[in-house]
Protein chains: 2
Amino acid sequence: MKQPPEISISRVAVYLRFLEDYLKENGPQSTINSSQLAKFLNINHHQIRKDLSYFGKFGEPGVGYRADELKERISKILGLRKKWNLCLCGLGNLGSALFAYKGFKVMNLNIVAIFDSNPRKIGRTINQVKVYDPANMQGVIDKMGVNMAIIAVPTEAAQDTVDKLVRSDVRAILNFAPIKLSIPAGVKLRNVDLATELINLTYFLSSSA
Amino acid sequence: MKQPPEISISRVAVYLRFLEDYLKENGPQSTINSSQLAKFLNINHHQIRKDLSYFGKFGEPGVGYRADELKERISKILGLRKKWNLCLCGLGNLGSALFAYKGFKVMNLNIVAIFDSNPRKIGRTINQVKVYDPANMQGVIDKMGVNMAIIAVPTEAAQDTVDKLVRSDVRAILNFAPIKLSIPAGVKLRNVDLATELINLTYFLSSSA
DNA sequence: TGATGTGAATTTTTTCACAGCA
DNA sequence: TGCTGTGAAAAAATTCACATCA
């Protein structure tokens with residue numbers, strides 16, 4: 001059982017999301033096998049079993065998986081049984097949207113602090129969450145027990161923000177700025193770039209036209 | 001020169017984004033070589049050259065790349081020299097945010113129509129863009145010349161939305177719903193799932209604690 | 001029998017090493 | 001000399017095939 005590749009972790013997260021819906025429709029006693037799951041998710045069944053095998057044994061030969069058990073165990077493995085405290089850096093267009101997005105809370109991911117350098121925003125409270133001056137980042141992060149961060153600041157402020165976060169001991173960061181940030185070892189950074197995703201599509205349309 | 005892998009297309013899009021900034025700072029005559037670019041972007045220089053090699057020859061041995069020429073040629077290859085008309089499906093939290101997000105327009109990506117099934121939203125106009133009833137999708141898409149779509153509807157409505165889009169001849173779709181959608185061959189679909197990205201981080205923190 | 005879990009084979013992606021050009 | 005572009009090597013991910021177990 002080797003260290004799971006990052007991409008398997010992502011897929012297992014997708015399996016988990018699916019299982020939640022599946023359980024609601026089919027009841028807590030339901031079972032599912034890798035071929036059914038593969039069909040629903042539009043991928044191949046070898047991959048599902050291989051992905052799961054990095055994390056342990058979950059099924060019964062000849063039967064499949066107990067859906068509720070699989071869900072619970074994956075959920076635990078992915079670290080979703082405990083609550084996480086996030087800070088959101090940048091309360092512009094994107095930051096505001098991410099704050100409003102309901103998909104996080106469901107997963108025990110709670111934004112507990114917001115940082116924005118705009119003096120007009122600092123001090124405001126939105127849905128019980130306060131907007132702080134980035135200059136006070138370290139103190140706020142300590143006080144609130146923040147363990148993850150979302151970067152939604154303008155590109156030119158992103159590296160500075162990540163440096164501040166790292167100095168405040170945040171070790172897991174999701175970055176929306178279209179730039180590859182430098183981080184020290186031991187810190188995990190994931191990037192989401194919306195425009196880049198769309199460019200894959202424009203290339204597809206242009207090259208297949 | 002083989003078909004470029006999807007991941008190379010994504011990276012080349014990142015190179016393009018960087019070159020735009022680089023040109024602003026260093027002037028239109030500036031050059032850059034793969035090692036410099038690699039350093040800035042925090043990746044390795046072999047990869048940059050390999051990625052570019054899928055698309056053609058761009059540099060001068062012993063010198064590097066003319067930044068403006070590289071930018072222009074990449075931009076053309078990625079299909080960003082023409083204007084694209086997008087429709088946004090779903091004007092909830094996330095949809096509203098995506099609509100407000102300024103990173104798209106810069107890349108010639110324009111949202112020209114919005115679909116939302118909420119009767120209170122249908123008929124409204126936001127920033128010159130009208131909100132339409134999804135029932136009229138095909139007609140609107142034809143009329144507005146929509147060639148790409150963004151799906152930001154609730155998960156349970158996503159497959160239905162994609163089916164409608166496909167029937168309306170949209171062949172490139174960016175999906176934010178946490179579900180693997182079924183599409184026919186010839187249609188390109190990319191998925192962005194924000195919660196899944198964060199789950200990679202919770203796994204990292206849990207397993208390294 | 002029917003499905004899992006996993007080594008092995010295959011394919012893809014990344015990294016390397018170097019020929020060739022300015 | 002210095003850097004590009006690319007075939008080859010290495011590494012990683014995906015797919016396959018099958019032993020194994022209920």
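Since the structure is predicted, the reported quantities are computational estimates derived from the model, not experimental observations.
- Salt bridge A/Glu6/A/Arg11: absent, no basic N to carboxylate O contact under 4.0 Å.
- A salt bridge is absent between B/Asp163 and B/Arg167: the closest approach of a Lys/Arg side-chain nitrogen to an acidic carboxylate oxygen does not fall below 4.0 angstrom.
- Comment: B/Arg81 engages B/Glu72 in a salt bridge, judged by a side-chain N to carboxylate O separation of less than 4.0 angstrom.
- Remark on DNA chain D: of its neighbouring residues B/His45 and A/Pro61, the 5'-side contact belongs to B/His45, judged by nearest-heavy-atom nucleotide.
- Atom OH of B/Tyr54 is separated from atom P of C/dT13 by 7 Å (rounded to the nearest Å).
- The aromatic ring centroids of A/Tyr65 and A/Tyr22 lie 6.0 Å or more from each other.
- Nucleotide C/dT13 holds its C1' atom 12 Å from the CG atom of B/Asn44, rounded to whole Å.
- Among the nucleotides C/dT6, D/dT14, D/dG5, the one closest to the side chain of A/Arg49 is C/dT6.
- Both B/Ser8 and A/Ile32 lie near DNA chain C, and the one whose nearest nucleotide falls closer to the 5' end is A/Ile32.
- Residue B/Leu70 contributes atom CG, which lies 16 Å from atom P of D/dC3 at whole-angstrom precision.
- At whole-Å resolution of the value, CD1 in B/Ile43 and C1' in C/dT14 are 11 Å apart.
- Comparing A/Gln47 and A/Gly62 against DNA chain D, the residue whose closest nucleotide sits nearer the 5' end is A/Gln47.
- B/Ser34 comes within contact range of the sugar-phosphate backbone alone, with a heavy-atom separation under 4.0 Å but no base atom that close.
- Summary of the strand contacts: A/Asp51 and A/Gly64 both lie near DNA chain C, and taking for each the nucleotide with the nearest heavy atom, the more 5' one is attributed to A/Gly64.
- Distance CD (A/Gln36) to P (C/dT4): 9 Å, rounded to an integer number of Å.
- The shortest distance between the side-chain N/O atoms of A/Lys57 and the OP1/OP2 oxygens of D/dC21 is not below 4.0 Å.
- The residues B/Glu20 and B/Lys24 are annotated as not salt-bridged, no charged nitrogen and carboxylate oxygen being separated by less than 4.0 angstrom.
- Closest to the side chain of B/Pro5, from the set D/dA22, D/dT15, C/dT13, is C/dT13.
- A/Lys50 places its NZ atom 12 Å from the C1' atom of D/dA17, with the value rounded to the nearest Å.
- Phosphate contact (OP1/OP2 of C/dG5, side-chain N/O of A/Tyr65, threshold under 4.0 Å): present.
- In the set D/dT4, C/dT6, D/dT6, D/dT4 carries the atom at the smallest distance from any side-chain atom of B/Asn33.
- Going from atom CD of B/Glu6 over to atom C1' of C/dT13 covers 14 Å, rounded to whole Å.
- In this structure, CD1 of B/Ile48 is placed 14 Å from P of C/dC16, rounded to the nearest angstrom.
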